[in-house]
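What follows is a short report on a single structure.
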Amino acid sequence: MIRFQFLVFAIAIVFSSCQKEKEIIFRESGLEKYRPLIHFTPPFGWMNDPNGLIYKDGIYHLFYQHYPDSIEWGPMHWGHATSKNLTKWEHQPIALYPDSLGYIFSGSVIYDQENSSGLGTLELPPLVAIYTYHNMEGEKSGKLDFQFQGIAYSSDNGKTWHKYKGNPVLPNQGVKDFRDPKVTQVVKENGEKIWVMTLAVWDRVHFYSSKNLIDWDFLGQFGQNNGAHGGVWECPDLFQLVAPDGSEKWVLITSINPGGPQKGSATQYFIGDFQNGQFIPDDNMIRWLDYGPDNYAGVTFSNLPKNSNRTLFIGWMSNWLYAQVVPTKSWRSSMTLPRELSLFEVEGTKLIQSKPASELKDLRKEEFKIKKNQSGLPSQAVEILASVQNNEDFNIVLSNENGEQVSIFKEMGLISIDRTQSGSHEFHPDFLAMHSAPMSWSAKNIRIYLDSNSIELFINDGELVMTSLLFPSSPWKKVEFSNNLTQKIIYSLAD
Ligand code: FRU
């Protein structure tokens with residue numbers, strides 16, 4: 001039956017040319033079982049890292065690594081989606097296509113308000129995308145310099161893009177891994193504004209500076225002897241956060257693959273200072289932004305209004321261990337829910353809190369106050385809240401009609417998500433696992449976002465976060481709480 005369905009579906013797809021038509025065919029094919037209801041997914045085809053996250057004129061832009069012709073990784077494009085509220089995304093035409101220089105790998109977008117690049121005008125300043133070219137011929141021929149940085153610009157808020165004729169703007173000097181530029185504007189002590197590019201270079205980051213986004217000078221590097229080194233560093237980001245004591249700190253995040261705490265991909269962070277092209281961390285501890293297995297390559301939005309005081313982050317909700325074999329059919333991968341990053345302190349140490357973006361509260365449809373220790377689930381997308389008394393151990397179990405379950409619990413100072421009985425796992429041996437995270441301070445409240453193929457767990461509103469994919473054979477239908485959990489509320493987030 002599935003085979004026949006697949007054949008009809010494949011033929012229909014080949015003969016349909018327009019995006020909307022394809023989308024309808026996919027939805028009606030019955031092969032969309034795991035398509036999330038509140039998370040961003042590409043219309044069809046492959047997706048990995050979020051790219052060029054930027055807010056401009058009331059619109060959030062999400063560009064992303066995309067291969068529209070297959071559900072496996074391939075020649076990379078930049079897909080594009082926009083949102084007015086971070087909860088509903090509209091698909092836009094593909095923003096950047098591969099060209100003779102190579103595939104378009106990850107990167108960032110900034111608003112060049114003073115037209116420092118000269119690629120727009122002062123009246124109509126451009127958006128500038130800075131991305132990595134990955135040249136396949138170069139790679140195949142055994143050269144080392146097949147990744148280099150290029151730029152493209154847009155004068156219509158990201159709808160259409162022009163590649164800069166002088167690309168590459170930052171050639172490679174012979175390092176195999178030389179990618180994922182994240183550009184941010186830094187105001188120097190003398191008031192001068194410069195662009196700083198943070199680039200992942202094998203096992204560390206490099207910083208470059210520019211006045212015009214075209215000519216780049218090497219400033220410094222960080223990381224060779226800091227942080228985790230079980231794999232290559234990718235997708236860095238450099239930004240400022242205000243600490244609870246009012247001091248301004250610089251934060252550097254870098255994703256690493258493999259070598260994460262749960263095997264495979266993960267994102268680590270450093271808190272410190274950034275001066276004259278040098279990043280000086282407060283200490284040399286290894287810290288993870290998310291202790292689940294499925295949050296990678298995340299970065300923050302640029303150009304958010306200064307007075308909003310927000311740093312918004314979105315990650316790719318997968319792991320390179322199994323991203324290309326997960327059992328979705330017409331598309332692969334979703335993004336995490338947007339999160340607001342801030343700093344909090346535990347015994348004098350500053351840590352990052354990742355709180356669900358406040359807009360997510362607008363997703364709430366119906367509220368169910370749960371008096372007993374179990375309840376049915378009103379929808380495939382729900383938010384579950386509970387309070388923990390006196391930092392006691394707790395347990396929450398989600399189950400379905402096929403006897404599958406996933407448990408979320410605290411025991412021996414560890415917060416864990418056990419997905420060993422959560423459904424489909426045969427696609428990769430590493431999927432069948434229980435993931436744990438150390439939490440040395442009090443767990444006071446639990447907030448869970450559950451969708452058709454994922455769970456995001458926020459303890460104390462994101463002081464500890466775990467993101468995990470799940471592929472149950474039928475939807476989760478029931479939730480059970482340990483006796484000591486109070487103030488239990490479930491919100492349906494979709495019909
Ligand atoms: C991270 C990454 C990036 C690269 C992109 C290619 O997931 O490997 O380093 O630019 O994906 O798609």
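Residue numbers count from 1 along this sequence. As the structure lists them, so they are numbered: ligands from 1, and atoms in each ligand from 1. Keep in mind that what you see is a predicted model, and the values were worked out from it rather than measured.
Of the charged side-chain nitrogens involved, none lies within less than 4.0 Å of a carboxylate oxygen, so that Lys182 and Glu234 do not count as a salt-bridged pair. Ionic pairing of Lys355 and Glu340 is not present here: no N-O contact between side-chain nitrogen and carboxylate oxygen is shorter than 4.0 angstrom.
Taking a 4.0 Å cut-off on heavy atoms, Thr132 fails to register as neighbouring ligand 1. Not close to ligand 1: Tyr103, with no non-hydrogen atom less than 4.0 angstrom away.
The N/O atoms of Trp316, backbone and side chain alike, include none that comes under 3.5 Å of an N/O atom in ligand 1.
For atom 1 (C) of ligand 1, the nearest protein heavy atom (residue, atom name, distance) is Asp49 OD2, 3.0 Å. Closest protein heavy atom to atom 8 (O) of ligand 1: Glu234 OE2, 2.9 Å.
Close approach of ligand 1 to Gln65 (heavy-atom distance below 4.0 Å) involves ligand atoms 5 (C), 6 (C), 12 (O). Remark: ligand 1 atoms within the under-4.0 Å shell around heavy atoms of Ser106 are 5 (C), 10 (O). Taking every heavy atom of Met76 and a limit of under 4.0 angstrom, the matching atoms of ligand 1 come to 12 (O). Applying the 4.0 Å criterion to heavy atoms of Tyr296 picks out, from ligand 1, the atoms 1 (C), 7 (O). Each of the atoms 4 (C), 6 (C), 10 (O) of ligand 1 lies under 4.0 Å from some heavy atom of Phe105.
Looking only at side-chain heavy atoms (C-beta outward), Phe458 and Ile448 stay at 4.5 Å or farther from each other.
When non-hydrogen atoms are compared, ligand 1 lies under 4.0 Å from the side chain of Asn48 (C-beta onward) but not from its backbone.
In this structure, the ring of Trp78 has its center no less than 6.0 angstrom from the ring center of Tyr67. The aromatic ring centroids of Phe40 and Tyr64 lie less than 6.0 Å from each other.
Residue Phe222 forms a ring pair (Phe, Tyr, Trp, His ring centres under 6.0 Å) with just one option from Phe207, Phe279, Trp250, and that option is Phe279.
Relative to atom 4 (C) of ligand 1, the option among Asp177, Val232, Asp180 with the closest non-hydrogen atom is Asp180.
Side chains of Arg35 and Thr41: a donor on one and an acceptor on the other come within 3.5 Å. For the residue pair His206 / Tyr208, a side-chain donor-acceptor distance below 3.5 Å is found, with atom types taken as modelled.
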